[in-house]
Student: 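There's a structure below that I have some questions on.
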2 protein chains.
Amino acid sequence: MSKSSSDIAEQAATARNLRADAQRNHDLLVDAAAVVFATSGVDAPMKSVADQAGVGVGTVYRRFPRRSDLIVAVFHREVDACADAAPLLAMQYEPFEALTHWIERLLDLIVTKRGLAAALHSGEPAYTSLRDDFEVRLVPALQGLVEGARTEIRADITAAELWNALARLCAPATVDDFEPTRRMVDVLINGLRVESRRLSDTRD
Amino acid sequence: MSKSSSDIAEQAATARNLRADAQRNHDLLVDAAAVVFATSGVDAPMKSVADQAGVGVGTVYRRFPRRSDLIVAVFHREVDACADAAPLLAMQYEPFEALTHWIERLLDLIVTKRGLAAALHSGEPAYTSLRDDFEVRLVPALQGLVEGARTEIRADITAAELWNALARLCAPATVDDFEPTRRMVDVLINGLRVESRRLSDTRD
DNA sequence: TTGATAAACGGAATTGCCTTCCGTATATAA
DNA sequence: TTATATACGGAAGGCAATTCCGTTTATCAA
């Protein structure tokens with residue numbers, strides 16, 4: 001859990017004009033909210049977030065007037081972490097394997113966090129910035145991996161298309177059963193390989 | 001707003017073992033909820049539904065223990081009405097026009113009712129029965145219209161596919177701005193015609 | 001028609017969460 | 001070190017969800 005480029009941006013965005021203790025509590029709250037949201041979902045009482053962070057509820061509301069502000073803050077950070085993981089995986093693994101690992105990580109991000117998928121697809125204006133986060137940060141990250149594995153995957157697939165397909169596949173079908181989603185994503189990954197059978201090939 | 005075949009089914013499903021006043025209140029509540037949901041969205045206070053129906057809150061909870069029960073009841077009825085409209089439109093208009101009108105009506109159903117689209121795509125188990133309603137009742141209705149206009153629309157399009165495309169297009173992008181959705185559906189309808197240009201044709 | 005009984009009703013009461021507000025505490029800079 | 005702006009905590013007020021129970025009413029058998 002070391003600092004990454006995104007933390008710098010975060011600092012710049014939030015530290016501005018913030019007293020030291022306020023900044024500290026801001027970070028504590030995002031940490032706390034990440035824990036609470038993962039445990040109890042994004043509808044958990046604000047009080048529980050405050051308790052987890054060891055601050056009063058007033059502090060939560062001063063920093064994050066609307067619940068969606070806190071949700072966005074939490075997932076913004078997770079999106080950053082996911083995007084940052086791409087180049088690391090690219091160094092660590094063979095190109096296609098790196099891509100596979102990253103998509104798995106992306107799935108964990110969307111699927112593990114209860115309520116993230118629903119928030120993404122809710123249509124609420126409060127979450128459009130979150131959707132933008134996903135596009136802006138994750139598509140380039142995916143693009144790097146796709147280019148790295150260019151010779152191994154179908155030439156007619158772009159990162160943007162792949163992202164789009166993943167996003168649609170992850171539209172929530174059922175809240176508690178994500179296995180079908182995982183399977184379909186697995187199918188999709190397998191289908192990416194250049195040597196994979198096309199529709200015109202023989203079946204089975 | 002006359003009785004239709006679906007009302008009979010509804011009677012059979014709900015009147016069983018219900019005292020007359022209970023049945024009456026059940027109907028009053030669904031009527032009331034339809035009004036309230038249309039006005040204030042599906043998160044409106046239960047009290048307001050009770051008031052609109054002229055009953056106590058206790059009655060609401062006895063008949064519809066969970067909010068989703070009430071939501072499902074309301075939209076189930078609207079789905080029925082929409083499905084029932086298909087054959088009527090088929091008699092009233094030329095085949096393709098009937099199809100167009102019906103899709104417009106479907107759009108109104110999904111788009112007008114605040115929260116319907118979100119509920120449909122929420123992934124909440126409570127709403128799977130509602131999704132099933134849509135499939136089971138609307139796909140056959142659509143099928144009838146598609147078959148009626150068979151000679152006028154592309155041969156490679158099935159009712160199920162068209163339904164699927166419509167459902168995905170109506171996944172909520174923004175809660176308050178459905179214009180893009182309407183436009184895309186309009187494009188889709190135009191693209192259905194046999195004489196429409198294919199991708200392989202010259203560009204504009 | 002009448003009376004017994006099960007079913008349903010209404011709304012007060014309870015509970016829990018959201019949100020605001022303000023007296024107190026503290027970081028910061030002169 | 002002191003003044004001041006900033007932030008803090010948590011009590012208080014309000015709203016909606018949900019339960020509970022005394023009262024009312026539909027139903028049916030006599």
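Fair warning: this is a prediction, and the values are worked out from it, not measured in the lab. In the text below, chain A, chain B and the rest are named by the order of the sequence lines, each starting its count at 1.
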Student: Output the rounded distance in Å from NE2 (A:H26) to P (D:dT6).
Tutor: 19 Å
Student: Please pick, from D:dC8, C:dC18, C:dA8, the nucleotide with the shortest atom-to-atom distance to any side-chain atom of A:R63.
Tutor: D:dC8
Student: Here's a test of your reading of the structure: between A:G56 and B:R24, which maps to the more 5' nucleotide of DNA chain D?
Tutor: A:G56
Student: Can you tell me how far P of D:dA16 sits from CG of A:D43, to the nearest Å?
Tutor: 17 Å
Student: If you only use heavy atoms from C-beta on, which nucleotide in C:dC18, D:dA11, C:dG11 is closest to the side chain of B:V57?
Tutor: C:dG11
Student: What integer distance in Å separates A:L18:CG from C:dT26:P?
Tutor: 19 Å
Student: Atom CZ of A:R67 to atom C1' of C:dT20: distance rounded to whole Å?
Tutor: 17 Å
Student: Please determine, for the side chain of A:D21, which listed nucleotide (D:dA17, C:dC18, D:dA7) has the closest atom?
Tutor: D:dA7
Student: Tell me, do A:T100 and A:Y93 make a side-chain contact under 4.5 Å, heavy atoms counted?
Tutor: no
Student: Over all strands shown, is B:R62 touching base, sugar-phosphate only, or nothing at heavy-atom distances under 4.0 angstrom?
Tutor: base
Student: Indicate whether OP1 or OP2 belonging to C:dC9 is found under 4.0 Å from a side-chain N or O atom of B:N25.
Tutor: yes
Student: Indicate yes or no for a side-chain donor-acceptor contact from A:R150 to the backbone of A:L145 under 3.5 Å, with no hydrogens or angles considered.
Tutor: no
Student: Could you give the CE-to-P distance, from B:M46 to D:dT19, as a whole number of Å?
Tutor: 11 Å
Student: I want to check one thing: is the phosphate of C:dG10, taken as OP1 and OP2, less than 4.0 Å away from some side-chain N or O of B:T59?
Tutor: yes
Student: Taking donor-acceptor contacts at under 3.5 Å, does the side chain of B:R19 reach the base of C:dA7?
Tutor: yes
Student: Can you tell me how far CZ of B:F96 sits from OG1 of B:T151, rounded to the nearest 0.5 angstrom?
Tutor: 11.0 Å
